[in-house]
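One structure is given here, and the rest of the page talks about it.
What you are looking at is a predicted structure, and each value in this text was computed from that prediction instead of being measured.
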Amino acid sequence: GPGPRVYFQSPPGAAGEGPGGADDEGPVRRQGKVTVKYDRKELRKRLNLEEWILEQLTRLYDCQEEEIPELEIDVDELLDMESDDARAARVKELLVDCYKPTEAFISGLLDKIRGMQKLSTPQKK
């Protein structure tokens, strides 16, 4: 198939295994020599958020998940921004070709990410 249309900046190996896939048990997945450790709660929150975003976008664009225009919603990038206004402006920019009102989606998204942690925090040496 054409593959996913919406790209989230998930850290490598963080993507869920899909429904009924591997659950939270099991060893930490090794990426080469790097052992990737995430806060499971944060990861779970992030995956739930991504599900919610996809669900909202299918409504906004009035289409199936496969037909959503390619968007890159980078939650870490949003978390990095100074203010909700900056975040809202960024998301609005991404949804510029959506003909339905996006305000409710945007304020919902900002509500949900408030207090979330970034997942791809660069290691401070």
Note to self: Quick check for you: to the nearest 0.5 Å, what is the distance between Leu71 atom CG and Leu57 atom CG?
What the structure shows: 6.0 Å
Item checked: Interatomic distance, Leu78 atom CG to Arg90 atom CZ [nearest 0.5 angstrom] -> 7.5 Å
Note to self: Taking Arg46 first and then Glu42, would you say they form a salt bridge - that is, a charged N and a carboxylate O separated by under 4.0 Å?
What the structure shows: no
Margin query: For Leu119 versus Asp76, what's the shortest heavy-atom pair and its separation?
Written below: N-OD1, 3.2 Å
Note to self: Under the rule for salt bridge (charged side-chain N to carboxylate O under 4.0 Å, His left out), what residues qualify as partners of Glu82, not counting sequence neighbours?
What the structure shows: none
Item checked: Asp85 CG to Lys92 NZ distance, which is reported to the nearest 0.5 Å -> 11.5 Å
Notebook entry, point to check: Nearest heavy-atom pair of Arg87 and Met81: which atoms, and what distance?
Noted result: NH2-O, 3.0 Å
Note to self: For the CG atom of Asn48 and the NZ atom of Lys45, what is their distance to the nearest 0.5 Å?
What the structure shows: 10.5 Å
Notebook entry, point to check: Atom CG in Asp80, atom NZ in Lys118: separation rounded to 0.5 Å?
Noted result: 3.5 Å
Pairs under 3.5 angstrom only: tabulate donor-acceptor contacts from the side chains of residues 105-115 to other protein residues two or more places apart or in another chain.
from   : atom 1 : to     : atom 2 : distance (Å)
Ser107 : OG     : Glu103 : O      : 3.3
Ser107 : OG     : Ala104 : O      : 3.3
Asp111 : OD1    : Arg114 : NH1    : 2.8
Arg114 : NH2    : Asp84  : OD2    : 2.5

Notebook entry, point to check: Closest heavy-atom contact between Leu94 and Tyr61?
Noted result: O-OH, 4.2 Å
Margin query: Is it the case that atom CD in Glu51 sees more than 12 heavy atoms from other parts of the structure closer than 6.0 Å?
Written below: no
Next item on the list: Mind jotting down which residue pairs meet the ring pair (Phe, Tyr, Trp, His ring centres under 6.0 Å) criterion with at least one end in residues 65-87? Sequence neighbours excluded, please.
Entry: none
Checklist line | Rounded distance (nearest 0.5 Å) linking atom CZ of Arg40 with atom CG of Leu47 | finding: 11.0 Å
Margin query: Could you check whether any side-chain heavy atom of Ile68 comes within less than 4.5 Å of a side-chain heavy atom of Leu60, counting everything from C-beta outward?
Written below: no
